Amino acid sequence: MCLQLPRGASFADDENDPTGSQAMARLAQKMEEHAAAGASAPGMVITDLDTVRLTARIPIIMFRCPVLKEDGTEEFIECDLSMHNPLAVLNTAFLRTYADINPVTRVLAFVIKRWTKARDINNPARHTLSSYGYIIMLLHYLTYHQRAGNGLMAPIAGPDGKPLRQASQAKPLLPNLLWMDTNWPQEKPGTPYRELPSRPKAMLQHPFEKVSVNTYFYRPGNQTELSNLIRLFPGQDLSLAILLTSFFRYFAYEFDYKRFVVSLHSTASRGLVEREVKAELDGWRHYSAALTIEDPFETFYDVAHVLRGGYYHRIRREFAVAYSKIADVISGNKNSVWTDANGDKMDPCSLSGVALIDWICEPVAATEPTGN
């Protein structure tokens, strides 16, 4: 949710509170007083108020709101509240559109988020990536890969990340909503997937920076337009196992972190976004092997800037470990040296799909290294 200031209004002390974190702290105090009053206070009931992210680049208040289900029991909705940050709402709408097009996206995102939390690589305060960073990595993979004809997946551009001359022959697993030709979904079946030569403009003044950002992406205007995308990008023939395996392999072994940026502006006709270009345009790190992730709208912002020291290597190692576990199960490797939580040798060949997911998402042991 976004608490938007009225037109012409500003924070009480813009100069010393440019992000509104102090105003958000005062709001959190009011919310805490309201929660303490309990049933005697009219309005929305909230629990588990969390202000740990008030010092983040975009200050956030987190809380849970109980909702009564039809059977009389309660469930809780996890809520994030920001102030004067319409970009957060647009990002949410952007991700929601992808979730609506294909349920495979939601399932993969759920597994990946569970995996990152269990492996302790999902905490920006401790120099690892946010959930948003991993979702951008997932969407980059899905919009930059296509069916290879043998049940596997292949990049839509050349093996060196360069654009394809005949880019129209490439159709990604998911449409690139930043670049897809808006007329293409309405054309007759069999028309090759098509992207725009230049991206339309939908400029918005950044709430905290003295720049305007292009927030354009294709949003289905009605159910018919959404149904067209659902029809054109079906997920019934996609194997969740192969997609998850390929995702882990791509970021463990195939993606060249030294040369390229994880970006949703990577397409068949443009190739991968190069780090050298981002270094020239936006002053990004160039001569390092660290992961860089371009925000789809705030293209000057590196979502992975929080990574420090050896944490990039640790994240990449976790991708490799997850891929290796799946590969051992698929190949029937009887010589694997994996052990379970009790230290007993495991037989990966005996695992079911659910058990394999549980194994991939096994909580990191307290004795495992968390940094270098």
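All values reported here derive from a predicted model rather than from experimental measurement.
Both L351 and L240 belong to a single network of hydrophobic side chains, linked directly or stepwise wherever heavy atoms of I, L, V, M, F, W or Y lie under 4.5 Å apart. Linking Ile, Leu, Val, Met, Phe, Trp and Tyr whenever their side-chain heavy atoms come within less than 4.5 Å puts V329 and V111 in one cluster. Put simply, I46 and V67 are part of two different groups of oily side chains (I, L, V, M, F, W, Y) that touch within less than 4.5 Å, one to the next. The hydrophobic clustering, which links ILVMFWY residues whose side-chain heavy atoms are closer than 4.5 Å, places Y132 and V306 apart.
With hydrogens and angles ignored, the 3.5 Å screen pairs no side-chain donor or acceptor of S246 with any backbone N or O of L243. Side chain of R64 to backbone of C79: no donor-acceptor contact under 3.5 angstrom is found. The closest donor-acceptor contact from the side chain of S82 to the backbone of I60 lies at 3.5 Å or more, if one exists at all. A distance-only check finds a donor-acceptor pair linking the side chain of N122 to the backbone of L129 [under 3.5 Å]. Between the T215 side chain and the A202 main chain, a donor and an acceptor come within less than 3.5 Å of each other. Side-chain atoms of K278 come within 3.5 Å of backbone N or O of T299 as a donor-acceptor pair. Judged by distance alone, the side chain of E294 and the main-chain N or O of F300 form no donor-acceptor pair under 3.5 Å. Looking at R199, its side chain does come within 3.5 Å of a backbone N or O of N214 through a donor-acceptor pair. Listed for the R249 side chain is no donor-acceptor partner under 3.5 Å among the backbone atoms of E254. At least one donor-acceptor pair under 3.5 Å links the side chain of S239 to the backbone N or O of I242.
The shortest non-hydrogen separation linking H206 to E209 is ND1-N, 3.0 Å. Contact detail for P296 and H265: the closest heavy-atom pair is O-NE2, 3.0 Å. The two residues F217 and R219 come nearest to each other via the heavy atoms CE1-CG, 2.8 Å. Between D295 and F297, the closest heavy-atom pair is OD1-N, 2.9 Å. Nearest heavy atom pair, residue P163 against residue S269, reads CB-O, 3.2 Å. The shortest non-hydrogen separation linking Y216 to L177 is CE2-O, 4.1 Å.
The aromatic rings of H140 and F251 sit tilted, their planes meeting at an angle between 30° and 60°. The aromatic rings of W359 and W338 sit perpendicular, their planes meeting at an angle over 60°, well past the 30° parallel limit. Ring-plane geometry between H145 and Y250 is classed as perpendicular, the angle between the planes exceeding 60 degrees on a 0 to 90 degree scale with a lower cut at 30.
For the atom pair L244 CG and I360 CD1, the distance stands at 5.5 Å (nearest 0.5 Å).
A ring-centre distance under 6.0 Å is not found for Y323 and F247. For W115 and F248, the ring centers are positioned less than 6.0 Å apart.
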query = Does the side chain to side chain contact (heavy atoms under 4.5 Å, CB included) test come out yes or no for M137 and F255, once each step is laid out?
reply = CA-CA 11 Å; M137 294 180 79; F255 187 80; over 6 Å; no
ask   = When you look at D181 and E187, which way does the side chain to side chain contact (heavy atoms under 4.5 Å, CB included) test go after all the steps?
value = CA-CA 11 Å; D181 189 326; E187 296 185 3; 5.9 Å; no
Test side chain to side chain contact (heavy atoms under 4.5 Å, CB included) applied to V104 and L174, step by step = CA-CA 10 Å; V104 168; L174 281 182; over 6 Å; no
Steps toward side chain to side chain contact (heavy atoms under 4.5 Å, CB included) verdict (I315, Y134) = CA-CA 11 Å; I315 289 174; Y134 289 107; 3.6 Å; yes
message = The test is salt bridge (charged side-chain N to carboxylate O under 4.0 Å, His left out); show your working for E274 and K162 and say whether it passes.
response = CA-CA 10 Å; E274 297 188 9; K162 298 298 183 182; 2.9 Å; yes
message = Could you go through R285 and D302, starting from their C-alpha distance and side-chain angles, then the distance that decides it, and tell me whether this counts as salt bridge (charged side-chain N to carboxylate O under 4.0 Å, His left out)?
response = CA-CA 10 Å; R285 296 166 294 175; D302 178 8; 3.1 Å; yes
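Between M153 and L173, some side-chain heavy-atom pair lies under the 4.5 Å cut-off. At least one side-chain heavy atom of T97 sits under 4.5 Å from a side-chain heavy atom of P220. Side-chain contact between P185 and M180 is present, with heavy atoms from C-beta onward closer than 4.5 Å. Here the side chains of L264 and W179 are not in contact, with every heavy-atom distance at 4.5 Å or above. Residues Y98 and L142 have side chains not in contact (no heavy-atom distance under 4.5 Å, counting atoms from C-beta outward). Q146 is not listed as a side-chain neighbour of Y193, based on a closest heavy-atom distance of 4.5 Å or more. By the 4.5 Å heavy-atom criterion applied to side chains, R126 and D120 are counted as neighbours. Looking only at side-chain heavy atoms (C-beta outward), D80 and M62 come within less than 4.5 Å of each other.
Around CD of E75, the count of heavy atoms belonging to other residues, nucleotides or ligands within 6.0 Å exceeds 12. A 6.0 Å sphere centred on CZ of R106 holds more than 12 heavy atoms belonging to other residues, nucleotides or ligands. Heavy atoms from other residues, nucleotides or ligands lying under 6.0 Å from OH of Y253 number more than 12.
Electrostatic pairing of R114 and D358 counts as a salt bridge here, judged by a charged N lying under 4.0 Å from a carboxylate O.
Considering M24, E32, M1 in turn, M24 is the only one that fulfils the side chain to side chain contact (heavy atoms under 4.5 Å, CB included) rule with I61. Each of L291, I293, V262 was scored for a side chain to side chain contact (heavy atoms under 4.5 Å, CB included) with V303, with one residue passing: I293.
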